Structures are given as C-alpha cells and as structure tokens.
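The structure presented is a predicted model; accordingly, all values stated were derived computationally and were not measured. Note that these values count all heavy atoms, side chains included, but never hydrogens, waters or copies made by symmetry. Residue numbers count from 1 along this sequence.
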Amino acid sequence: MPTLSLPDWLNRDLGFLFAGRGLRSLTQGYLAIIAPLYLAELHYSAVQIGLLFTAGSAVSAVLAALIGVLADRYGRKLFLVILALLTAVGGVVFAASGAFLVLLVAGAVSTVGRGGGAGSGGAWGPYYAAEQALLAEHSADESRTAIFGAISFIGVLTGAVGSLMAGLPSLLHATSGTTEITGDRILFLITVLFGVAMAVVMLPVHETREVRRPVAHDTPKARHHLQPGTIRMILKFMVTNTANGLGYGLLGPILVYWFYRRYGVGSGGLAELFFVINLATAPSYLFAARLARRLGAVNTVTLTRGVSVVILAVLPLMPTFFLAAVVYTVRMVTSTLGNPIRQSYLMGVIPREDRATAAGLSNLPSQVFASFGPTMAGYMIQDLSLNLPIEVAAVFQALNTVLYFGFFRHIRPPEESVPHATAPAPQPAASRQSSVRD
C-alpha cells in the first residue's frame, strides 16, 4: 500500500513559516471581501472607501521597504511577529469602532482589507521582505524554488477557504436574523485570534542573522552598507517592478468593477470566480520548480509572463462572462506560475545578509505605483473607454517582461550556475560573514 512521504527539503522551521502563510492568506481571503462591504454598510461613500484602501497601499509600501532594511539588521522574525500582532489590533479596532478616521488609521497600519488578490498565495504586503528572506535561509539552493512554490500553494488553498468564510455574515443574517454588520464584526474578532496565532507560530522559527566580517577600511557604520553588487541588482528589480506596479494597479480593485460594468455580474458570481481561480492556480505553484529546472528561472518567468500578457490583451474581446471568466482564469494560472520563481530568483542572486533589504526595496516601486492605479483606471473608464485600463495594463506588463529578460538573462542563480575549469573556486560563505544564532 503506497504511503504519503514528505519532501526531503521540509524541515521544522519551514513548517512554521508555512503555517504562518496559511493563516495570513486565510484572513486576507475574507477581509478583502468584507472590509469594503462593512464600510459600505456604515454608509461611507465610494470615495471614502477608496481613500482607506489607497492609504493602506501607501503605508504598506513604506512598511515593506522599511522592514526590509531593518529586518536585515535586527532580525526578520521580530517583524513578522509585530505585523501579525498589528493584524490582531486591526481586527479589534474594526470590530469596535465605526469612526472613519479611526478605521483609516487602523486599516492602513494593519493592512486589514488588503490582499494580493485571487491566486496570489498571500505573497503581498509588508510581510513580504522578512518572510522571503527567512524562507531562503532555511532552503538549499536546489530546492528553494520548490519551497517558494509550496508555500504559495498553501496560500492559495487557504485563501480559497477564506473567501468562503466571507459568506458568514450573509449566512447568519439568513438563519438568525442578525445584521450583516454584526456578522462582519464577528469575523473581525476572529481575525484577532488569527493574528495572535500568526505571531505564536513565528516564535519557534530559528533565525541566523548575518554579520559581515569587517575589512581594513570598514567603519562600524559602514559594515551595514549594502554591497555594490546588491545595489545594482536592486536598481534593476526596481525598474522592472515599476512597470509591473503600474500594470497591476490598473487591474487590482478596478477589475471587479470592470466585470460588473462589462457583463453585469454581481458579487456572487465574482466570489465564485475568485474561488475557482484560487483552486486553479494552486497546482501551478507546485509545477513551477520543475519548469524552472528545465528552462531556467529567467526564461520561465519571461515565457509565462509573456503568455499571460497576450491573454490579458484579448480579455475585453470576450462576448460573455463565462468566456471572460475562462480566459481570466487561464491568464491567472500562467501569470502565477512565475511568481515563486521570481521570488526565489531574487533570493538566489542576492547575498544572504542583504536579502530582506533587497526584497523590501525592490518591490517598493511596485507597491507605490500600484496605489495610483485605481485612480488612473477610474478616470479611463469614466472619461475614455471601459476596456482601456486592461489594455494599458497589458502594455505595462509587456514592458515589465521585456525589461526583466533584458536585465537578468545573463545572471544565473546558484542552482543554475555551472562551474568552469578556468573559473576561480568561490569562497565559502563562512569566509565572507559570520553568524549569530537567535
């Protein structure tokens, strides 16, 4: 009788990190749905709701960059615990208060109601930089992409469950007569428990803080500076992610509105679509590592992103919601296939001691420019063309694909590097840095 065996790369620390991602994706799955509905039920305007989420995007971008820099100095686990507790605090505030300014501040700091969207696997927000660096620390080079795919696989499955939990307020209203607002507040209180749980599962994770050995010209302050090679790589990622952020921002929250305007589909149909997308994208995360080994990381990212751009460009041509849903699902499957590969690649080409900083800074332009997208898309839809935001988003993502291939096609991560006989042997990590165990 066949037995289920765990992968060789799975270890205790990765298990806790996987649990943290699962809990976070679960909460993002329902908060992204109930938070805007809760504000609408409190009779806030569309402008106020948009302002709250714009503030959340902006603060999240700043936190991601700041945490990336600080986590490499003071420890990545610390900030994951702090952010988890902020989520719990946000749940308390949303459950207890209806004041707009209070909710604005709480939503921005705790990122309540913000998420990576269907198929994202929870890889979004200020958690990103610290979590990516910790994952890479507990991964061997040859298994790193598989690990990044596996944690995203867990994220999309738990995110799908979270999207179903968003139906709890309606269910309570139908069965017991409670108001929708009461049901929303119950879920916010549940978020408090999940936030505390996210913090608790991070505590046992071991962390190695990299401390560079000083050289003769180093000063105590200079030892914390990024290496020149790291700075060049970060700048390249920042340029490519600027184009990606502009494209993603045009699609994010506005895409739901576009489906509504284009096909007249309501929240029920869209909830079902996003649930299906989460399930459909899950296997692609597990397949990503195999494809990267066959084609190479940069080639795989370029291919999958290029295909997804073409599919996105034809989406507005679909005559019915069913066909559009099928096309969009296929687009998300091809797009998300490259996500863990891109994340793993960044960690592979950046020195260990700079990883959280690189993750935070390289994704800063993406999150900043994505926050402008909803306003730009709203103007296009209102004054120019309903389909224009999608077509412009496809152009920006095509530019991202070209830039990514142009910048990184000759830069291989360690697992793809082939030593040559004439090449000098690389120095072991111990000769470049020493470690302090938490």
Side-chain angles (χ1 to χ4, degrees), residues 25-38 40 46 49 53 113-124 152-171 180 187 247-285 304-305 307-339 370 373-374 377-378 381 386-387 389-391 393-394 397:
S25 298
L26 185 68
T27 59
Q28 287 181 355
Y30 63 78
L31 287 176
I33 297 173
I34 69 164
L37 295 178
Y38 177 66
I49 295 173
F53 292 125
R114 298 289 299 170
S120 70
W124 179 91
S152 295
F153 174 78
I154 292 172
V156 293
L157 291 184
T158 54
V161 174
S163 66
L164 293 180
M165 290 178 63
L168 178 63
S170 296
L171 179 63
E180 296 275 349
L187 280 177
Y248 174 76
L250 290 169
L251 293 176
I254 292 297
L255 193 61
V256 171
Y257 181 67
W258 180 84
F259 273 114
Y260 169 74
R261 284 282 304 273
R262 178 74 170 81
Y263 302 105
V265 63
S267 59
L270 290 172
E272 293 173 359
L273 172 60
F274 290 161
F275 175 73
V276 170
I277 289 174
N278 274 310
L279 295 184
T281 55
S284 66
Y285 284 113
T304 55
R305 177 53 63 93
V307 172
S308 73
V309 166
V310 173
I311 297 174
L312 179 63
V314 303
L315 176 62
L317 303 179
M318 296 300 102
T320 66
F321 173 67
F322 176 77
L323 290 176
V326 171
V327 169
Y328 185 61
T329 300
V330 174
R331 186 258 171 185
M332 290 303 299
V333 170
T334 56
S335 177
T336 56
L337 183 60
N339 286 348
I381 289 175
L386 177 64
N387 296 332
I390 294 180
E391 302 298 353
Q397 294 201 346

Do R331 and L315 come close enough that some side-chain heavy atom pair is under 4.5 Å? no
Taking atom CD1 of I390 and atom CG of L317, what is their separation to the nearest 0.5 Å? 10.0 Å
Contacts of Y38 that satisfy ring pair (Phe, Tyr, Trp, His ring centres under 6.0 Å) - sequence neighbours left out: F188
Side chains of residues 153-162: which donor-acceptor pairs under 3.5 Å do they make with residues two or more places apart or in other chains?
unit_1 : atom_1 : unit_2 : atom_2 : d
T158   : OG1    : G22    : O      : 3.2
T158   : OG1    : I154   : O      : 2.9
T158   : OG1    : G155   : O      : 3.1

Taking side chain as C-beta onward, heavy atoms only, is M318 less than 4.5 Å from V326? no
Can you sort out the partners of V307 under side chain to side chain contact (heavy atoms under 4.5 Å, CB included), two or more places apart, ordered by chain and number? L303, I311, T334
Shortest non-hydrogen pair, E391 vs A313, comes out as OE2-O, 3.0 Å
Can you see which heavy atom on N387 is nearest to which on P316, and at what distance? CG-CB, 3.5 Å
Look up atom CG in L273 and atom OH in Y328, then write down how far apart they are to the nearest 0.5 Å. 7.5 Å
Restricting to ring pair (Phe, Tyr, Trp, His ring centres under 6.0 Å), what partner residues turn up for Y263, sequence neighbours left out? W258
Test your reading of the model: is there a side-chain donor-acceptor pair from S335 to the backbone of M332, 3.5 Å cut-off? no
Any chance you could measure L187, atom CG, to T27, atom OG1, to the nearest 0.5 Å? 11.0 Å
Can you name the nearest heavy-atom pair linking V333 to A280, along with the distance? CG2-O, 3.8 Å
